[in-house]
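Here the structure is laid out as structure tokens; the discussion comes afterwards.
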Amino acid sequence: MATPHIAAAPGDFAPAVLMPGDPRRAQRIAEILMADARMITDVRGMLGFTGTVNGKPLSVMGSGMGQPSFTIYATELFSQFGVERIIRVGTIGAISPKVEVGDVVVATGAHTDSSMNQLRIPGINFSAVADFHLAQAAYEASLTPQAGVDGTVHLGTVISRDHFYFTPQGQTEALAAYGVLGVEMEAAALYGVAAEYGKQALAVLTVSDHLLDHSGDMSAAERETRFADSLRLAVAAAHS
């Protein structure tokens with residue numbers, strides 16, 4: 001049945017859903033991957049599509065920006081529509097000197113400055129981690145010659161921030177010193193929701209800019225189109 005934010009019918013969603021933030025990117029991904037894609041929801045302009053890739057069902061839906069928005073959609077997909085795994089496909093700003101623009105980050109865990117996961121179990125600092133089998137599938141896909149991944153694939157932790165423009169002085173540098181690969185805004189919440197419902201989740205992210213070296217940052221247009229590498233790995237995880 002439909003929810004306040006998703007107007008799909010039972011069975012409309014595949015067991016695996018790819019979720020970019022931008023609904024227009026969701027439409028573009030659906031058009032790239034699935035010749036038989038059909039739109040199944042468009043509430044508040046948050047587009048969702050289902051079709052098949054290599055004979056296997058797959059859905060793609062936008063999540064909006066930030067952890068609160070992602071939590072709404074992930075909760076409804078897991079709890080009401082039979083979805084078993086969600087793979088976030090998005091962008092990330094690198095902070096590690098080992099990571100370059102155009103690389104792919106498979107986020108095995110996500111630190112956060114948000115209180116969303118702190119509220120889950122009182123007195124506990126919840127560890128927001130990806131599903132191991134999904135991460136393994138994405139990594140193994142990156143090693144196959146047919147994957148055609150242009151940049152380097154990194155596995156490691158990211159930081160999911162609530163603020164886009166505000167950052168405490170010195171925090172980014174400290175995170176980089178602790179081996180954090182980059183900054184994004186959704187993975188920690190996704191991993192928390194997946195743990196709540198006993199489901200699987202992963203974030204596979206294209207490095208669009210470097211927060212400590214802006215010389216090679218992608219343009220706005222490039223951010224919309226240079227996600228082929230992360231998309232290949234996300235599909236491999238979705239169908240693992």
Side-chain angles (χ1 to χ4, degrees), residues 3-8 13 17-30 39-49 59-78 83 85-95 99 101 104-107 109-119 128 130 157-168 171-172 175 180-194 196 201-211 214 217-227 230-231 234:
T3 64
H5 307 95
I6 301 174
F13 279 96
V17 180
L18 305 186
M19 294 197 77
D22 186 346
R24 291 192 301 176
R25 187 178 298 171
Q27 182 174 8
R28 189 174 296 113
I29 289 172
M39 189 171 68
I40 56 176
T41 183
D42 62 354
V43 176
R44 302 189 182 203
M46 197 59 71
L47 307 179
F49 304 85
S59 295
V60 185
M61 183 177 173
S63 70
M65 290 188 290
Q67 298 184 78
S69 181
F70 208 120
T71 298
I72 288 172
Y73 293 107
T75 297
E76 294 183 4
L77 289 173
F78 282 144
V83 171
R85 52 182 60 173
I86 294 175
I87 295 92
R88 165 163 151 66
V89 182
T91 56
I92 186 169
I95 60 176
V99 179
V101 173
V104 175
V105 170
V106 177
H111 313 290
T112 185
D113 59 6
S114 173
S115 64
M116 297 193 72
N117 285 339
Q118 293 177 7
L119 299 173
T157 60
V158 303
I159 172 71
S160 300
R161 281 180 172 151
D162 272 349
H163 286 276
F164 185 85
Y165 289 110
F166 172 75
T167 304
Q171 185 187 81
T172 299
L175 287 164
V180 179
L181 299 177
V183 179
E184 57 88 69
M185 300 185 70
E186 289 85 18
L190 168 61
Y191 295 171
V193 176
E196 178 182 358
L202 182 67
V204 183
L205 310 163
T206 301
V207 179
S208 59
D209 58 321
H210 202 295
L211 302 188
H214 291 283
D217 292 358
M218 291 184 187
S219 66
E222 288 177 315
R223 289 170 183 253
E224 290 301 312
T225 58
R226 287 183 60 182
F227 53 80
S230 59
L231 190 55

Assess whether side-chain contact (heavy atoms from CB on, under 4.5 Å) is satisfied between Phe166 and Asp113, documenting all intermediate values.
CA-CA 12 Å; Phe166 172 75; Asp113 59 6; over 6 Å; no
Apply side-chain contact (heavy atoms from CB on, under 4.5 Å) to residues Phe49 and Ile29 and explain how you reach the verdict.
CA-CA 9 Å; Phe49 304 85; Ile29 289 172; over 6 Å; no
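With rounding to the nearest 0.5 angstrom, the CE atom of Met185 is 12.5 Å from the CD1 atom of Ile92. Put simply, CD on Glu184 and CD on Gln67 are 7.5 Å apart, with the number rounded to the nearest 0.5 Å. In this structure, the separation between CG on Leu47 and CE on Met39 is 6.5 Å, given to the nearest 0.5 Å. Atom CG in Asp209 sits 11.5 Å away from atom CD1 in Ile95 (nearest 0.5 Å). Distance check: Ser59 OG to Ile86 CD1 gives 10.5 Å after rounding to the nearest 0.5 Å.
Remark: the backbone N or O of Ile6 is paired with a side-chain donor or acceptor of Thr3 at under 3.5 angstrom.
Minimum interatomic distance between Val105 and Val158 (heavy atoms only, all atoms of both residues): CG1-CG1, 3.8 Å. Val204 and Leu202 make their closest contact through CG2-CD2, 3.7 Å (heavy atoms, listed as atom of the first residue, atom of the second, distance). The two atoms that bring Met61 and Phe13 nearest to each other are SD-CZ, 3.7 Å, heavy atoms only. When every heavy atom of Leu190 is checked against every heavy atom of Ala74, the shortest pair comes out as CD1-CB, 4.3 Å. Residues His5 and Thr41 share a closest heavy-atom pair of O-OG1, 4.5 Å. Residues Ala187 and Ser160 come closest through the heavy atom pair N-OG, 3.4 Å.
Here salt bridge (charged side-chain N to carboxylate O under 4.0 Å, His left out) pairs that include residues 59-70, with residues two or more places apart or in two chains, number zero.
With sequence neighbours excluded, no residue forms a salt bridge (charged side-chain N to carboxylate O under 4.0 Å, His left out) with Arg161. Shown here are the side chain to side chain donor-acceptor pair (under 3.5 Å) partners of Glu196, two or more places apart in sequence or in another chain: Arg120.
No hydrogens or angles considered: nothing links the side chains of Ser63 and Glu186 as a donor-acceptor pair under 3.5 Å.
Looking at Val60, Thr91, Leu231, Ile87 one by one, the single match for side chain to side chain contact (heavy atoms under 4.5 Å, CB included) with Pro20 turns out to be Val60.
A heavy-atom distance below 4.5 Å is not found between the side chains of Asn117 and Tyr191.
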